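Quick notes on the structure that follows.
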There are 2 protein chains.
Amino acid sequence: MSKDARIDARNKVRDAAIALFAQKGVKATTIKDIARAAGVSEGALYRHWASKEDLAAALFAAEYTALSHSLREAAGSGPAPERLRRVIVWAFGLVEAAPDRARFLLLSQHDALPPVPALMKDGLETPVDVVCAIVGDGIAERSIVDADREALAHTVIGAIVLNIQSHVYGRQTAPLGTLADTVADALLRGLSTGKGA
Amino acid sequence: MSKDARIDARNKVRDAAIALFAQKGVKATTIKDIARAAGVSEGALYRHWASKEDLAAALFAAEYTALSHSLREAAGSGPAPERLRRVIVWAFGLVEAAPDRARFLLLSQHDALPPVPALMKDGLETPVDVVCAIVGDGIAERSIVDADREALAHTVIGAIVLNIQSHVYGRQTAPLGTLADTVADALLRGLSTGKGA
DNA sequence: CCATTATGAGTGAACGTTCACTCACATCCT
DNA sequence: AGGATGTGAGTGAACGTTCACTCATAATGG
């Protein structure tokens, strides 16, 4: 077995677990399911993670922080409203580009209770923080209305999340690109002052 | 066996189950937990519900449709933007008035996947439908901007849900009343045309 | 008005299944 | 050689569900 094969085993478990967690949730996914889908034995999982919960938490933390970085990059620079629009469009794009990851992040927040506070303790940045920061910048530069920035950030994120959920669950059938623009238009009309930065 | 135990068993189970489901989720709550909290035996549950899943689905369906009716009532009549504001304020109020119910509805959507499509099959009205209808009215009467009404409705609901979640999970510490106004202001500024009905 | 019978909610120990996790052993890499 | 990694049957605990039984109350009959 080559070094690469071993590395692949870890990644195969990760990919399989994310896909299964995304489809059935953490609780409903068994170690056997994961091992089977990854093509490794059950015992092998425990060489790399202490428990199923540990695996789920590690995957969630990794995806969550990766999402934060991606959002930050996607936002780019410029006036806050423009950055927010890019964040919204990018988030909708993620659903098409990596549906398993999007679904995993969407579903696991309720399964994986401990990690999110834990992440914040470790000083790691969450997607909420990223949007909060942009909103905060916008308020400072007077391009976003002056209001509780957490509330505005959650309004933006909630709108994104629920529209994506309704798409994933099949209620909303409009193409994601159109959805992103509709949602971004409505939100930015509500948040922008109309003044530039 | 007391007379009270017999008469109240169903309701005591309902109350206990909602509280436990709200705190730990459906999967993590055991029949023993529920029976214990309700002060009845485990077997008694099966006199009234076929399974734990059935109990959860029945409770969710009941709460979900009750929420729909309450929202419809809270909306009242008048121009769509005013009705939406009342819906938003009422939803935030629910968290203070009945935190267990609010939390149960928030958490169980991901545990109780089958019932929601099932509800829609049965032609029952969901909270999403209520908001969709108001948005649709608003578009017709030109008080709401002309866009995909499902998208706008999900934007409103998502904003409500995520702000409530962040409050329940302790990230958002601003008082709920203030939050409701902030969120309603931002959303309605984005959705309204400014024209009356 | 009482004795008898029927009803069905309530009980909880027992059952069978499921599942996360372990461990003795095999295999691979350096 | 020896540490790291992989294997998968085995283990014990937890869980949902069942079922033979109890008993308060209601219905029936004389």
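Quick note on labels: first sequence line is chain A, next is B, and so on, each numbered from 1. Because the structure is a prediction, the values reported are computed rather than measured.
- Atom C1' of nucleotide C/dC21 and atom NE2 of A/H48 are separated by 16 Å, given to the nearest angstrom.
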Return the polar atom pairs (N/O with N/O) between nucleotides 13-19 of chain C and the protein under 3.5 Å, or none.
none

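- Across the protein-nucleic acid pair, A/R47 atom CZ and C/dC21 atom P stand 15 Å apart, rounded to whole Å.
- Summarising the geometry, the separation between OH on A/Y46 and P on D/dG10 is reported as 18 Å, rounded to the nearest angstrom.
- Between B/F104 and B/F21, the angle of the ring planes stays under 30°, which puts this pair in the parallel group of the 30/60° scheme.
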Mind listing the side-chain donor-acceptor pairs of residues 158-167 of chain A below 3.5 Å, one per line with the distance, residues two or more places apart or on another chain?
residue	atom	partner	partner atom	Å
A/N163	ND2	A/A159	O	2.8
A/N163	ND2	B/T155	OG1	3.2
A/S166	OG	A/N163	O	3.3

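- Looking only at distances, no side-chain donor or acceptor of B/D33 sits under 3.5 Å from a matching main-chain atom of B/T29.
- Rounded to an integer number of Å, the gap from NZ of B/K12 to C1' of C/dA9 is 13 Å.
- The NZ atom of A/K32 sits 14 Å away from the P atom of D/dT7 (whole-angstrom rounding).
- Residue A/I34 contributes atom CD1, which lies 16 Å from atom C1' of D/dG8 at whole-angstrom precision.
- Judged by distance alone, with hydrogens and angles left aside, the side-chain atoms of B/S143 form no donor-acceptor pair with the main-chain N or O of B/I139 at under 3.5 Å.
- In this structure, OG1 in B/T193 is found 10.0 Å from CZ in A/R189, a value given to the nearest 0.5 Å.
- The distance from atom CZ of A/R36 to atom P of D/dG8 is 11 Å, rounded to the nearest whole Å.
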Please list every donor-acceptor pair under 3.5 Å in which a side-chain atom of residues 181-188 of chain A meets a protein atom from a residue at least two apart or in another chain.
residue	atom	partner	partner atom	Å
A/T182	OG1	A/T178	O	3.0
A/D185	OD1	A/R85	NH1	3.2
A/D185	OD1	A/R85	NH2	2.8

